[in-house]
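The structure under discussion appears below in the form of structure tokens.
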Protein chains: 4
Amino acid sequence: MSRKSNTEQRRTEIVGALLAAIAENGYEKATIHAIAAKAGLTPGLIHYHFQSKKEILIDLVKTLANYSCERYLQFAAPAATPREKLRAYIDARLAKGSGASAATVAAWVMIGAEAVRQPEVREVYQEAVAAELALSRELLAACLAEQGKKTRGAAQLAAALLAFMEGAFQLASAAADVMPQGYAAATAAQLMERFIDAEPAARK
Amino acid sequence: MSRKSNTEQRRTEIVGALLAAIAENGYEKATIHAIAAKAGLTPGLIHYHFQSKKEILIDLVKTLANYSCERYLQFAAPAATPREKLRAYIDARLAKGSGASAATVAAWVMIGAEAVRQPEVREVYQEAVAAELALSRELLAACLAEQGKKTRGAAQLAAALLAFMEGAFQLASAAADVMPQGYAAATAAQLMERFIDAEPAARK
Amino acid sequence: MSRKSNTEQRRTEIVGALLAAIAENGYEKATIHAIAAKAGLTPGLIHYHFQSKKEILIDLVKTLANYSCERYLQFAAPAATPREKLRAYIDARLAKGSGASAATVAAWVMIGAEAVRQPEVREVYQEAVAAELALSRELLAACLAEQGKKTRGAAQLAAALLAFMEGAFQLASAAADVMPQGYAAATAAQLMERFIDAEPAARK
Amino acid sequence: MSRKSNTEQRRTEIVGALLAAIAENGYEKATIHAIAAKAGLTPGLIHYHFQSKKEILIDLVKTLANYSCERYLQFAAPAATPREKLRAYIDARLAKGSGASAATVAAWVMIGAEAVRQPEVREVYQEAVAAELALSRELLAACLAEQGKKTRGAAQLAAALLAFMEGAFQLASAAADVMPQGYAAATAAQLMERFIDAEPAARK
DNA sequence: AATGAATGAGCATTCATTCAT
DNA sequence: AATGAATGAATGCTCATTCAT
């Protein structure tokens with residue numbers, strides 16, 4: 001008697017269309033019309049499945065945060081040591097080719113800009129940032145501990161790694177032409193390693 | 001005797017107003033009306049001094065790039081050694097309190113997002129990035145040379161430093177609440193130092 | 001054995017839901033969706049039982065006209081004299097507490113506004129008005145006749161009574177705060193009585 | 001150097017266009033486009049002179065309230081006695097031909113309906129109603145006093161007169177066909193007079 | 001009978017830009 | 001130089017109605 005709902009699938013399609021549209025032209029220019037066109041739907045239908053444009057954006061932020069997390073788990077599966085896991089994390093987010101698509105990276109940069117001015121976006125953006133911070137701090141602390149180093153500095157180092165990554169996304173999206181090729185993952189890994197190696201040993 | 005043109009002053013005022021407006025609400029919401037209000041001018045006058053909104057934005061990018069350069073020269077004035085100069089550079093851009101205002105940082109983040117999608121903005125943005133890259137590569141190469149290290153890796157290290165800075169701006173603007181306090185300048189300096197220290201010596 | 005149609009019940013539910021919706025937000029804002037929600041039905045079903053939104057409105061006008069008539073019969077049941085019947089009529093429509101619910105009154109006001117501009121609504125609205133006019137003219141004529149007065153002026157007096165009632169509904173719905181408390185039924189009755197008393201006697 | 005503002009004139013034109021549009025099709029159907037067309041302007045210009053559609057409506061309510069007041073003053077100019085002033089008031093609002101235009105009356109009815117559901121409209125509507133109440137109470141009290149009657153009942157009588165008027169507007173707009181011709185002003189005056197005449201004398 | 005997805009026209013509002021003054 | 005009115009093309013969103021299931 002009743003029809004089966006296809007809302008979940010439609011929502012996924014629409015969020016994907018926003019990702020594509022936002023990567024190309026930013027959030028403001030990613031109009032409902034443009035999103036609908038990319039998804040092969042009509043504009044009215046977008047608002048049948050989402051209350052507002054902002055709701056789609058917030059869904060996209062959550063989707064990308066989730067995606068980032070899952071990518072790490074994939075990359076980390078074969079990793080045995082803390083150092084390998086850290087490298088898996090860095091590669092999952094930065095390694096050329098294996099990293100996320102250019103569109104995803106550009107969309108994330110646009111989301112970052114929206115987070116500056118839209119409180120509701122900032123909220124979910126901060127949740128994603130906090131999750132990344134927690135994960136990288138844990139990985140860095142494990143590396144430090146393994147080498148008998150104090151782990152107190154892990155939080156700041158994690159923040160630095162995250163800043164590096166966000167900046168790398170920004171520059172890859174807007175200034176790839178003037179940046180050295182493929183510096184990101186390798187340099188990030190080296191910076192972390194050398195920092196950790198130079199850290200003084202913990203007292204017994 | 002003809003009246004002296006006040007165009008240069010007006011242009012400066014307008015660019016400053018765009019900086020303030022863009023920091024608060026992003027480029028799209030920084031309407032001509034809002035810019036005019038912040039500058040204490042009327043909307044029609046904006047288009048007397050600038051051909052288009054984009055032209056103001058491009059002027060702003062150049063202004064900020066210039067400002068960044070001048071700040072380094074100020075900070076570096078008392079610096080004697082390469083290492084002191086590098087630290088001056090890092091502090092000029094990142095040090096809490098001494099760094100640029102929150103509005104300037106937020107505006108720069110917004111500009112970065114616009115650079116992703118507007119070719120004309122990207123062009124001047126890339127010029128600014130290239131200038132920063134050249135400066136930091138030079139400073140890093142000097143540090144390496146001073147310690148008898150190979151300078152071949154300076155370009156990649158400079159790219160990493162720049163990525164870190166851009167990311168730090170992004171996170172300071174959109175996720176200050178979840179980031180550690182005051183990590184940026186100190187951690188950047190340490191990362192650079194330890195990387196350089198661990199670099200192998202150059203062959204004779 | 002075929003299933004029994006529940007159309008009549010559904011139509012009643014839907015008309016009741018329109019009454020509630022229209023009282024709150026007016027006809028335009030009483031969307032099919034809102035009506036469905038109030039009736040606990042789905043939007044599609046509304047158009048299964050009614051061809052259009054206007055058809056529901058027209059049904060509502062008829063329902064309210066019917067309701068008004070029945071209320072008079074209820075109130076007039078114990079009335080013996082013409083004057084008591086007139087008072088029963090006035091109380092049935094205006095008396096505080098015993099009168100119709102605030103929602104019904106507000107809905108009637110909204111219907112009156114729709115009748116100004118929608119010919120099909122005006123038609124049924126006028127039928128309702130004509131019925132009220134006829135009833136009150138009859139009641140007033142009986143009062144006049146009982147006192148040996150000419151009944152020629154009954155039509156105009158009936159029109160005045162109806163105008164008073166419609167206006168009282170309007171003011172009760174939109175300006176209750178600035179109107180005296182409970183003036184309506186008592187003043188209406190007094191106005192009618194004093195008018196009738198002052199009417200000259202009919203010639204033999 | 002500076003241009004002379006024509007905003008006041010434009011606002012008046014726009015409010016007049018809303019009056020015409022609302023009388024024909026109600027507030028919801030009086031679209032910005034329709035208002036602009038009636039005023040011979042472009043839709044964008046409407047929002048240059050008014051912040052929102054609601055602001056135009058509120059201006060219209062105030063304009064009509066003002067207009068009503070001025071009409072009374074005009075009609076009352078030659079009136080000498082309290083009874084003549086009361087009659088002037090009734091005629092100013094109700095007398096056929098001399099009364100307000102059908103469009104104005106219909107617009108007022110639509111405004112009354114909007115006042116039921118829009119708080120901001122209700123506020124100015126109530127102000128207008130309160131002013132009318134105060135004026136008619138004063139006029140009625142003067143009539144009562146002149147005849148040595150108690151004036152205590154003036155407030156309720158004023159409310160009744162106002163209700164009658166509002167209802168007369170409603171019925172004139174939506175049910176003129178079924179109402180007696182020209183009953184309004186004459187019957188209102190008679191109702192008031194007979195009520196006052198029948199009022200008991202005040203004690204010495 | 002009933003569901004809920006889908007459509008498409010229409011809405012108020014925004015805004016860069018133009019232009020007469 | 002400066003003003004502020006004017007334009008017209010968007011934009012996000014709403015909603016009665018249709019229809020496959």
Side-chain angles (χ1 to χ4, degrees), chain A residues 1-7 9-10 27-36 40-56, chain B residues 2-7 9-10 28-36 40-56, chain C residues 2-7 9-10 28-36 40-56, chain D residues 1-7 9-11 28-36 40-56:
Chain A
M1 211 186 304
S2 64
R3 286 183 64 180
K4 200 158 72 183
S5 170
N6 67 348
T7 285
Q9 187 199 329
R10 280 279 183 264
Y27 178 67
E28 296 289 336
K29 287 285 180 352
T31 65
I32 294 291
H33 193 84
I35 296 168
L41 306 173
T42 53
L45 192 53
I46 305 287
H47 278 95
Y48 180 79
H49 293 291
F50 285 92
Q51 276 210 332
S52 70
K53 194 182 155 186
K54 195 183 289 180
E55 194 189 321
I56 315 176
Chain B
S2 68
R3 274 178 67 192
K4 198 164 146 194
S5 164
N6 61 355
T7 287
Q9 187 198 331
R10 282 279 182 263
E28 297 289 336
K29 287 279 163 36
T31 66
I32 294 290
H33 206 86
I35 296 168
L41 306 173
T42 54
L45 193 53
I46 305 289
H47 274 90
Y48 180 82
H49 293 292
F50 286 92
Q51 270 210 336
S52 70
K53 198 180 150 183
K54 194 182 291 181
E55 194 190 319
I56 315 175
Chain C
S2 68
R3 274 177 68 192
K4 198 165 147 192
S5 164
N6 62 355
T7 287
Q9 188 198 330
R10 281 279 183 264
E28 297 290 335
K29 289 278 162 40
T31 65
I32 294 290
H33 206 86
I35 297 167
L41 305 173
T42 53
L45 193 53
I46 305 288
H47 274 90
Y48 180 82
H49 293 292
F50 287 91
Q51 271 210 335
S52 70
K53 198 181 150 184
K54 194 182 289 179
E55 196 190 320
I56 315 175
Chain D
M1 211 185 303
S2 65
R3 286 182 66 180
K4 200 157 73 182
S5 170
N6 66 347
T7 285
Q9 187 198 328
R10 281 279 183 263
R11 283 178 69 103
E28 297 290 335
K29 288 285 182 349
T31 65
I32 293 291
H33 194 85
I35 297 168
L41 306 173
T42 54
L45 192 54
I46 305 288
H47 277 94
Y48 179 79
H49 293 291
F50 285 93
Q51 275 210 333
S52 70
K53 195 181 155 185
K54 194 183 289 179
E55 194 189 321
I56 314 176

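Chain letters run A, B, ... following the sequence lines, proteins first, then strands; residues in each count from 1.
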note = Value for NZ (Lys53(A)) from OH (Tyr27(A)), rounded to nearest 0.5 Å, stands at 4.5 Å
query = Do the side-chain N or O atoms of Arg10(D) get closer than 4.0 angstrom to the phosphate oxygens (OP1, OP2) of dG4(F)?
reply = no
ask   = Does Lys29(B) reach the main-chain N or O of Ala34(B) with its side chain, forming a donor-acceptor pair under 3.5 Å?
value = no
key: Watson-Crick or G-U stems of DNA chain E, 3 or more pairs, under 3.5 Å, by first number   = E:2-21 with F:2-21
query = Do any side-chain nitrogens or oxygens of Thr7(D) fall under 4.0 Å of OP1 or OP2 in dG4(F)?
reply = no
note = Residues passing the side chain to side chain contact (heavy atoms under 4.5 Å, CB included) test with Ala36(A), sequence neighbours excluded, are Pro43(A), Ile46(A)
Nearest-angstrom distance from the residue atom NZ of Lys29(D) to C1' of dA9(E) = 13 Å
ask   = Of all of residues 43-56 of chain C, which get a heavy atom below 4.0 angstrom from DNA chain F, listed by number?
value = His47(C), Ser52(C), Lys53(C)
query = For Glu55(D), which residues count as a salt bridge (Lys or Arg N to Asp or Glu O under 4.0 Å) partner, sequence neighbours excluded?
reply = Arg11(D)
request  = Identify, between Gly40(D) and His33(C), the residue whose nearest nucleotide on DNA chain F lies closer to the 5' end.
outcome  = Gly40(D)
Residues which pass side chain to side chain donor-acceptor pair (under 3.5 Å) with Lys54(D), listed by chain and number, not counting sequence neighbours = Glu120(D)
task = Sort and list the pairs that fulfil side-chain hydrogen bond (donor to acceptor under 3.5 Å, both in side chains) and have at least one residue in residues 41-50 of chain D, not counting sequence neighbours.
result = Thr7(D)-His49(D)
query = Atom CG of Leu41(D) to atom P of dG4(F): distance rounded to whole Å?
reply = 19 Å
query = What's the CG-P distance between Asn6(A) and dT3(E), to the nearest Å?
reply = 17 Å
query = Of all the nucleotides listed (dC11(E), dA16(E), dG4(E)), which has the minimum atom distance to the side chain of Thr31(D)?
reply = dC11(E)
message = From C-beta outward on Ile32(A), which listed nucleotide comes closest to its side chain: dA5(F), dA16(E), dC13(F)?
response = dC13(F)
message = Output the rounded distance in Å from CD (Glu28(B)) to P (dA9(F)).
response = 19 Å
request  = Would you tell me if any nitrogen or oxygen in the side chain of Ser5(D) comes within less than 4.0 Å of OP1 or OP2 on dT3(F)?
outcome  = no
